[in-house]
4 protein chains.
Amino acid sequence: MEKDNAAEQQGQEQWIQELLALSEKEQMTPKQISILQAAIDTFSEKGFSAAATSEIAQKAGVAEGTIFRYYKTKKELLLAIVVPTMSRMIAPFVMRNFSGVLDVPFESYEAFLKAFMVNRLDFARKNLKIIRILIQEIPFQPALREQLVENILSQVLERVTVITEHFKEQGQIMDAPTPAIIRFTISSVIGYLLARLLLMPDHDWNDEEEIEQTVSFIMHGIGGVRTL
Amino acid sequence: MEKDNAAEQQGQEQWIQELLALSEKEQMTPKQISILQAAIDTFSEKGFSAAATSEIAQKAGVAEGTIFRYYKTKKELLLAIVVPTMSRMIAPFVMRNFSGVLDVPFESYEAFLKAFMVNRLDFARKNLKIIRILIQEIPFQPALREQLVENILSQVLERVTVITEHFKEQGQIMDAPTPAIIRFTISSVIGYLLARLLLMPDHDWNDEEEIEQTVSFIMHGIGGVRTL
Amino acid sequence: MEKDNAAEQQGQEQWIQELLALSEKEQMTPKQISILQAAIDTFSEKGFSAAATSEIAQKAGVAEGTIFRYYKTKKELLLAIVVPTMSRMIAPFVMRNFSGVLDVPFESYEAFLKAFMVNRLDFARKNLKIIRILIQEIPFQPALREQLVENILSQVLERVTVITEHFKEQGQIMDAPTPAIIRFTISSVIGYLLARLLLMPDHDWNDEEEIEQTVSFIMHGIGGVRTL
Amino acid sequence: MEKDNAAEQQGQEQWIQELLALSEKEQMTPKQISILQAAIDTFSEKGFSAAATSEIAQKAGVAEGTIFRYYKTKKELLLAIVVPTMSRMIAPFVMRNFSGVLDVPFESYEAFLKAFMVNRLDFARKNLKIIRILIQEIPFQPALREQLVENILSQVLERVTVITEHFKEQGQIMDAPTPAIIRFTISSVIGYLLARLLLMPDHDWNDEEEIEQTVSFIMHGIGGVRTL
DNA sequence: GATGAATGAGCGTTCATTCAT
DNA sequence: AATGAATGAACGCTCATTCAT
């Protein structure tokens with residue numbers, strides 16, 4: 001038990017820990033940071049198209065021209081906000097496991113799922129506005145779509161496939177088509193995150209319980225108790 | 001068997017059948033219809049903010065001013081497109097069962113789920129562009145949010161709660177909190193629809209199989225086979 | 001005498017008469033005409049780059065947006081002013097002489113030169129501002145340069161070469177290289193026009209006399225009287 | 001012969017020698033020189049209005065602010081380039097003949113003209129870009145116009161009048177109005193320079209021959225050989 | 001002296017909306 | 001009813017100039 005927890009904890013550390021990207025932020029001037037912050041606020045409130053650079057400048061407390069010193073165009077400002085976050089969204093999937101041996105540091109799929117949900121909920125909570133912008137703009141920004149499809153999704157899929165098949169071999173996951181399993185799992189996870197953070201953010205959530213419930217649903221469904 | 005199918009069919013008919021809204025369309029002039037069609041195309045391609053009324057007019061083959069004869073503002077045009085579709089999205093939930101007795105016309109939750117998914121997939125396919133617009137604009141249009149929360153979600157929730165609890169009582173659904181069950185179910189359903197129609201529309205889908213698979217996951221999860 | 005004058009007159013009519021381009025102007029709305037007029041004034045006063053579309057709009061008495069209904073960009077407005085004038089500048093050279101026989105309707109090179117100078121002085125006087133704009137912008141507008149070199153200069157050169165060699169054969173012009181003769185002639189003609197209209201427009205000119213003097217210089221130079 | 005050449009040479013030395021303006025250049029820092037050079041390039045490429053000081057700074061390899069240490073405004077930078085060149089353009093006319101006696105060091109007008117053209121061709125070749133800028137900006141810079149009219153043209157005219165009348169008295173130039181003679185001569189000279197350097201710089205020119213031809217045209221015109 | 005970040009007025013251009021026809 | 005010319009506010013963006021370092 002102790003050991004398991006420790007292993008899980010460690011796995012979580014290695015695996016799920018986010019890129020802190022502190023180096024980046026440190027290179028930024030205070031002005032640049034406030035521009036980004038103002039842009040995040042404005043884009044997420046009004047949408048990219050309807051957000052005026054003049055409003056961003058005003059919120060950031062800089063002259064309008066200053067924005068364009070840092071970002072050549074409004075679109076470049078959008079990408080500067082959204083692309084790094086896209087990378088950080090999938091950070092847990094790209095972290096290399098340097099310790100070798102086993103690439104999947106969790107004993108059970110349930111433990112993995114739970115840790116993943118907890119971690120991504122935390123991440124999403126902290127990056128809510130940017131995620132909102134991302135969701136809004138992906139359909140209209142080919143650059144983003146490309147980035148998403150080519151760099152993000154492919155990596156995630158590859159990784160998740162490995163994990164899923166690992167647990168399938170162990171018999172923890174049933175023998176159904178991996179893509180369907182993945183889609184179903186991700187739907188459930190994202191469904192929870194969206195309901196939790198975007199649809200009903202003001203509801204009184206008990207995250208621990210809900211996550212456990214969701215993981216349980218994913219594993220065993222909502223069907224009536226099976227009698228032996 | 002025959003009987004079952006017939007019942008299901010009938011249930012579907014009664015329950016799931018869409019509002020045809022013919023009355024509305026009949027009152028429209030051809031010009032108005034082509035304006036709406038052009039607006040749907042343009043809004044879904046570029047987003048509401050970035051769509052120019054002049055482009056809509058051009059696509060519709062009318063003068064720029066004509067649009068504003070029918071819809072006082074661009075926003076009104078948006079609502080004219082999106083609000084009726086919102087109603088039709090939940091049509092299956094608001095149809096009253098006039099035949100009395102039983103409000104839930106399906107014998108099993110699985111059958112209900114499957115029928116529901118088939119039906120909504122069809123609906124979503126036919127209204128893809130409008131749904132895209134809807135998803136995009138809900139965050140920015142308070143009028144839409146209100147409509148959604150007050151008229152749509154509440155009705156759906158109420159209805160789905162009744163259904164869910166009906167099957168819970170029957171023992172077809174386990175005794176977990178109804179909201180969690182609903183959220184999980186809807187996540188899985190919508191997750192499939194989104195993947196199917198928006199994320200990977202070009203993938204070669206076998207809808208019947210996938211839907212059955214998804215329903216099975218919802219009911220029994222993805223866990224390994226439990227040995228007795 | 002009578003005959004000569006008549007011939008000259010006729011030649012002038014056929015040859016030198018300008019394109020009136022009335023049809024074009026008639027198709028223009030009063031607003032478009034005032035935009036063009038205001039643009040001509042502003043471009044010639046401040047130069048193309050330094051001219052603000054807002055000033056043009058104000059001078060024309062229209063809203064700024066109106067300019068862009070007629071001309072998609074500021075540069076298009078420039079070309080709309082300058083390209084037709086370029087064509088009209090060389091109109092005398094492209095008019096075909098359908099009467100056949102002789103392609104050069106003047107008996108003497110001196111008469112031709114004089115008629116040409118009178119005619120082009122009149123044209124330049126009437127189109128002074130546009131010519132100013134043209135001279136200013138040719139170095140910076142590749143579109144103009146191309147038009148000039150490919151459509152204008154080549155036609156003019158070809159024609160002038162024919163004329164020059166015609167009079168050379170007649171012994172009216174000495175046997176020097178045609179390009180040098182042409183360059184020298186054109187320099188003298190344009191030199192007069194520039195001095196007359198741009199450099200010293202306020203000087204009290206006797207055009208008839210000056211033109212005759214200039215033609216005489218071109219033909220016989222400024223050298224002292226040769227004693228036999 | 002010897003004497004003649006010597007005299008001519010000396011005359012040329014005295015008369016035509018340019019202001020070297022070394023004193024000015026020596027006072028300049030390397031930075032200032034590179035700013036001027038970059039400004040000349042940029043102004044002549046894009047025109048004064050369309051040239052950005054930031055581009056000049058970049059080409060010069062200095063910070064944007066540095067330009068404004070040396071020249072308070074962009075216009076001042078323009079004048080710093082163009083005004084000294086204006087002076088040097090007319091240097092041949094303002095050199096005082098300190099030796100007294102004869103103010104015109106050439107025996108023949110033709111020799112004078114030829115020497116003048118050779119010399120100014122050389123000057124124009126070396127200062128082509130600046131001359132381009134000068135021609136472009138004179139219409140829009142009242143300061144330049146004034147300078148040109150009051151300091152330059154008047155001096156040149158005065159001097160050229162003296163020279164012309166000197167040769168008129170000698171019978172080398174015919175008895176026509178001096179202004180007309182001057183205008184005609186200058187037109188022909190400048191016409192050659194423009195054709196040579198701006199209109200057809202890539203043509204294969206034999207300068208010596210062309211200049212002699214031009215001088216001959218100026219003196220004797222292009223008329224057919226007069227038989228006695 | 002030299003820098004370059006910061007400014008903000010002004011630019012060319014777009015577009016939802018109006019209204020005379 | 002339908003048009004489309006006209007509007008003008010607002011947009012994204014540029015750039016000459018300033019000034020703290």
What's B/Tyr70 touching, base or sugar-phosphate or nothing? Going by heavy atoms closer than 4.0 Å.
sugar-phosphate
Position toward the 5' end of DNA chain F (nearest nucleotide), A/Lys72 or B/Val62:
B/Val62
If I take atom CZ in residue C/Phe43 and atom C1' in nucleotide E/dG12, what distance separates them, rounded to the nearest angstrom?
11 Å
Under 6.0 Å from the ring centre and within 45 degrees of the ring axis: does the NZ or CZ of D/Lys74 meet both conditions for the six-membered ring of D/Phe48?
yes
By nearest-heavy-atom nucleotide on DNA chain E, the more 5' of B/Thr73 and A/Ala63 is A/Ala63
From E/dA16, E/dT13, F/dT7, pick the nucleotide closest to the side chain of B/Phe68?
E/dA16
Pick base, sugar-phosphate or nothing for C/Ala51, based on heavy-atom distances below 4.0 Å to the nucleic acid.
sugar-phosphate
Mapping D/Lys75 and A/Phe48 to their closest nucleotides on DNA chain F, which lands nearer the 5' end?
A/Phe48
E/dT14 P sits how many Å from C/Glu76 CD, rounded?
11 Å
Separation of E/dT17 P from B/Ile35 CD1 (nearest whole Å)
14 Å
Is atom CD of D/Glu76 surrounded by more than 12 heavy atoms (other residues, nucleotides or ligands) closer than 6.0 Å?
yes
Side-chain N,O (C/Arg69) to OP1/OP2 (F/dA5) below 4.0 Å:
yes
Can you tell which of E/dT3, E/dG12, E/dA6 lies closest to the side chain of D/Glu64?
E/dA6
Could you tell me if D/Thr53 and D/Glu64 have a donor-acceptor pair between their side chains, going purely by distance under 3.5 Å?
no
Where the side chain of C/Thr66 is concerned, which of E/dA6, F/dT7, E/dC11 is the nearest nucleotide?
F/dT7
Nearest whole Å is fine: how far is F/dT3 P from B/Gln32 CD?
13 Å
Among E/dG12, F/dA2, F/dC11, which is the nearest nucleotide to the side chain of C/Lys74?
E/dG12
dist A/Thr66:OG1 -> A/Lys31:NZ (nearest 0.5 Å) comes out at 6.5 Å
Measure CG/C/Leu78 against C1'/E/dG12 and give the value in whole Å, please.
14 Å
Any chance you could lay out the side chain to side chain donor-acceptor pair (under 3.5 Å) test for D/Lys59 and D/Thr42, step after step, and finish with the verdict?
CA-CA 9 Å; D/Lys59 273 189 189 156; D/Thr42 314; 3.3 Å; yes
Provide the Watson-Crick or G-U wobble partner of F/dA20, both distances under 3.5 Å; none if there is no partner.
E/dT3
Which whole-number value in Å describes the distance from A/Glu55 CD to F/dC13 C1'?
18 Å
Ranking F/dA6, E/dT3, E/dC11 by distance to the side chain of C/Lys31, first place goes to F/dA6
Quick check on E/dC15: is either OP1 or OP2 less than 4.0 Å from any side-chain nitrogen or oxygen of B/Ser54?
no
Between atom CD1 in D/Ile67 and atom C1' in E/dA2, what is the gap in whole Å?
12 Å
Rounded to the Å, how far apart are C/Gln58 CD and E/dC11 C1'?
15 Å
Check B/Ile133, B/Leu148, B/Val149 against B/Ile138 for a side chain to side chain contact (heavy atoms under 4.5 Å, CB included) and give me the one that passes.
B/Leu148
